[in-house]
Amino acid sequence: MKELTIGKNDAGQRLDRFIGKAVPLLPASLTQKYIRCKRIKHNGRRAQRDTRLCEGDTLQLYIGDEFFETPKPENAYLRVSTPKLSIVYEDEHLLLVDKRPGLAVHPHDGAEYGRTLIDHIQAYLYAKGEWNPRQEHAFAPALCNRIDRNTGGIVIAAKTADALRVMNQKIKDREMDKFYLAIVHGTPKPKNGKLEGYLFKDAVKNRVYVTEKPQPGAKTSVTNYRTLQSKNGLSLVECELITGRTHQIRAQFAHAGHPLLGDGKYGKLDKRFDRSYQALYSYRLQFRFTTDAGPLEYLNGKSFKAAQVDFVQEYFPDYQY
């Protein structure tokens with residue numbers, strides 16, 4: 001229990017708003033709950049959230065010590081009172097989550113503090129009692145792969161240090177197949193094929209450029225694709241990443257003359273279609289280990305798929321994937 005005494009400069013504030021400033025890691029929803037449950041008391045008595053504080057008042061806070069720490073990226077998960085996750089698969093080592101478009105996987109310059117996918121995953125495992133950062137010296141649940149903010153799909157999170165080490169190596173050695181669904185403008189020719197080239201990344205503009213020939217700083221980029229359906233000037237395609245470069249699918253299809261629907265960065269937004277995000281989804285993963293996977297060997301040969309992809313239902317409702 002911690003006790004706080006209200007000073008002259010804090011007098012006149014509502015109790016809940018003062019707590020939000022004094023204990024910034026405590027989510028607002030949890031503050032309200034703790035007030036109702038009498039874990040936050042005013043002058044030793046039950047309080048109301050709109051209680052006006054006076055100089056000399058005391059607050060008794062029956063709150064975990066972790067909430068009194070200085071806010072920083074490592075404890076941003078504490079800001080998540082109700083984790084929101086669409087879980088595709090979970091076991092003692094891994095968590096596969098279907099990330100919605102518009103959600104960042106990691107914080108960027110602190111702007112997403114407490115609102116990213118990794119924050120929700122860590123909050124989920126913390127609430128379940130599967131991860132206690134106070135008992136860990138260095139490890140925290142971490143993501144093994146990333147997906148752009150405006151792309152949806154399956155993200156792998158490691159719940160243990162061994163799982164993180166093994167999965168990172170398997171991804172590096174390309175012992176996992178990643179498949180995306182996308183909607184592109186027009187009909188690719190040939191309908192099934194391979195996009196090859198070199199991608200150069202401009203970090204300042206957060207944009208990549210495709211070249212036909214190698215050049216300094218450019219990396220080989222290969223995407224296999226097959227056209228599943230075409231209608232109304234659009235095509236639903238499945239893409240298999242052979243390499244995993246930044247914005248690879250978006251840039252390569254735009255370079256081939258078939259930009260993704262809703263992609264304003266590499267194409268032009270079509271006013272006929274109301275899309276907030278590019279129509280791109282990492283919808284299926286398949287583990288294909290060719291070397292020993294240690295504690296994750298049981299995953300070899302297994303495939304996991306997102307339950308649904310919104311733009312497939314909207315533009316190609318009769319397609320079953």
Side-chain angles (χ1 to χ4, degrees), residues 86 88-89 96-102 105 144-156 170-171 174-197 199 208 210 220-263 265-267 270 273 275-289 299-321:
S86 177
V88 176
Y89 172 80
L96 272 59
V97 177
D98 186 355
K99 182 190 83 71
R100 68 179 186 273
V105 294
C144 303
N145 65 316
R146 299 187 181 193
I147 295 179
D148 293 341
R149 175 198 294 269
N150 291 337
T151 299
I154 301 176
V155 177
I156 306 170
K170 294 304 178 186
I171 292 175
R174 300 177 184 174
E175 296 183 31
M176 182 178 70
D177 297 325
K178 293 177 283 186
F179 297 89
Y180 285 71
L181 288 176
I183 293 180
V184 302
H185 288 278
T187 302
K189 294 182 180 180
K191 287 190 174 183
N192 304 325
K194 179 185 295 186
L195 299 177
E196 296 182 274
L199 261 60
V208 300
V210 179
T220 303
S221 178
V222 182
T223 303
N224 289 335
Y225 73 89
R226 62 189 184 104
T227 304
L228 305 175
Q229 278 191 9
S230 296
K231 66 178 182 180
N232 301 325
L234 301 174
S235 292
L236 177 65
V237 298
E238 181 190 65
C239 306
E240 179 186 5
L241 289 183
I242 306 304
T243 57
R245 311 301 182 198
T246 300
H247 299 176
Q248 175 175 318
I249 295 174
R250 299 166 62 189
Q252 285 193 309
F253 270 102
H255 183 73
H258 302 287
L260 268 62
L261 177 66
D263 191 351
K265 181 183 287 284
Y266 294 99
D270 193 325
F273 306 101
R275 290 289 305 169
S276 299
Y277 311 111
Q278 63 263 10
L280 181 64
Y281 217 93
S282 177
Y283 87 110
R284 184 162 69 90
L285 296 177
Q286 182 170 354
F287 297 107
R288 182 180 44 80
F289 303 148
L299 290 172
N300 197 14
K302 291 188 177 181
S303 179
F304 300 92
K305 187 168 62 174
Q308 62 181 25
V309 178
D310 64 334
F311 57 77
V312 175
Q313 295 177 317
E314 182 176 356
Y315 298 101
F316 295 89
D318 58 335
Y319 181 77
Q320 301 295 321
Y321 65 86

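Numbers here simply count residues along the sequence, with the first being 1. Since the structure is predicted, the reported quantities are computational estimates derived from the model, not experimental observations.
- Across every non-hydrogen atom of Arg275 and Gly262, the tightest pair is CB-CA, 3.9 Å.
- Looking only at distances, no side-chain donor or acceptor of Arg284 sits under 3.5 Å from a matching main-chain atom of Phe304.
- Using a cut-off of 4.0 Å between Lys/Arg side-chain N and Asp/Glu carboxylate O, Asp148 and Arg250 are scored as salt-bridged.
- Going from atom CG of Asp263 over to atom CG of Asp270 covers 13.0 Å, rounded to the nearest 0.5 Å.
- Note that CG of Leu299 and CZ of Phe287 are 5.5 Å apart. Values are rounded to the nearest 0.5 Å.
- Taken to the nearest 0.5 Å, the CG atom of Leu285 stands 7.5 Å off from the OG atom of Ser303.
- The closest donor-acceptor contact from the side chain of Asn192 to the backbone of Thr227 lies under 3.5 Å.
- In this structure, the separation between CG on Asn145 and CG on Leu96 is 8.0 Å, given to the nearest 0.5 Å.
- Using a distance-only test at 3.5 Å, with no hydrogens or angles considered, no donor-acceptor pair links the side chain of Lys99 to the main chain of Ser86.
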Go through the steps to decide whether Lys194 and Thr223 satisfy the test side chain to side chain contact (heavy atoms under 4.5 Å, CB included), and finish with yes or no.
CA-CA 6 Å; Lys194 179 185 295 186; Thr223 303; over 6 Å; no
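- Listed for the Gln286 side chain is no donor-acceptor partner under 3.5 Å among the backbone atoms of Lys178.
- Pairs passing the ring-ring contact (aromatic ring centres under 6.0 Å, His included) check and including a residue from residues 236-259, sequence neighbours excluded, read Tyr225-Phe253, His247-Tyr266.
- Annotation: the span from His185 atom NE2 to Leu260 atom CG amounts to 8.0 Å, rounded to 0.5 Å.
- With salt bridges taken as basic N to acidic carboxylate O contacts below 4.0 Å, none links Arg288 and Glu175.
- Cation-pi check for Lys305 over Tyr283 is not met; the charged atom does not lie both under 6.0 angstrom from the ring centroid and within 45 degrees of its normal.
- Put simply, the side chain of Pro188 reaches to within 4.5 Å of the side chain of Val237, judged on heavy atoms.
- To the nearest 0.5 Å, atom CD1 of residue Ile249 and atom CG of residue Leu181 are 9.5 Å apart.
- With hydrogens and angles ignored, the 3.5 Å screen pairs a side-chain donor or acceptor of Gln248 with a backbone N or O of Thr243.
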Extract all donor-acceptor atom pairs below 3.5 Å that involve side chains of residues 313-321 and protein atoms in other chains or at least two apart in sequence.
{"from": "Gln313", "atom 1": "NE2", "to": "Gln308", "atom 2": "OE1", "distance (Å)": "3.4"}
{"from": "Tyr321", "atom 1": "OH", "to": "Ala307", "atom 2": "O", "distance (Å)": "3.4"}
{"from": "Tyr321", "atom 1": "OH", "to": "Gln308", "atom 2": "N", "distance (Å)": "3.2"}
{"from": "Tyr321", "atom 1": "OH", "to": "Val309", "atom 2": "N", "distance (Å)": "2.8"}

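- Remark: the backbone N or O of Gly153 is not paired with any side-chain donor or acceptor of Ser282 at under 3.5 angstrom.
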Evaluation steps, side chain to side chain contact (heavy atoms under 4.5 Å, CB included), between Ile242 and Asn224
CA-CA 7 Å; Ile242 306 304; Asn224 289 335; 3.4 Å; yes
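- Within the 3.5 Å criterion, the main-chain N or O of Tyr277 finds no donor-acceptor partner in the side chain of Asn150.
- There is a side-chain donor-acceptor pair under 3.5 Å between Thr151 and Gln278.
- Nearest heavy-atom pair across Ile171 and Cys144 is CD1-O, 3.4 Å.
- For the 3.5 Å distance criterion, the side chains of Tyr89 and Asp98 fail to qualify, holding no donor opposite an acceptor.
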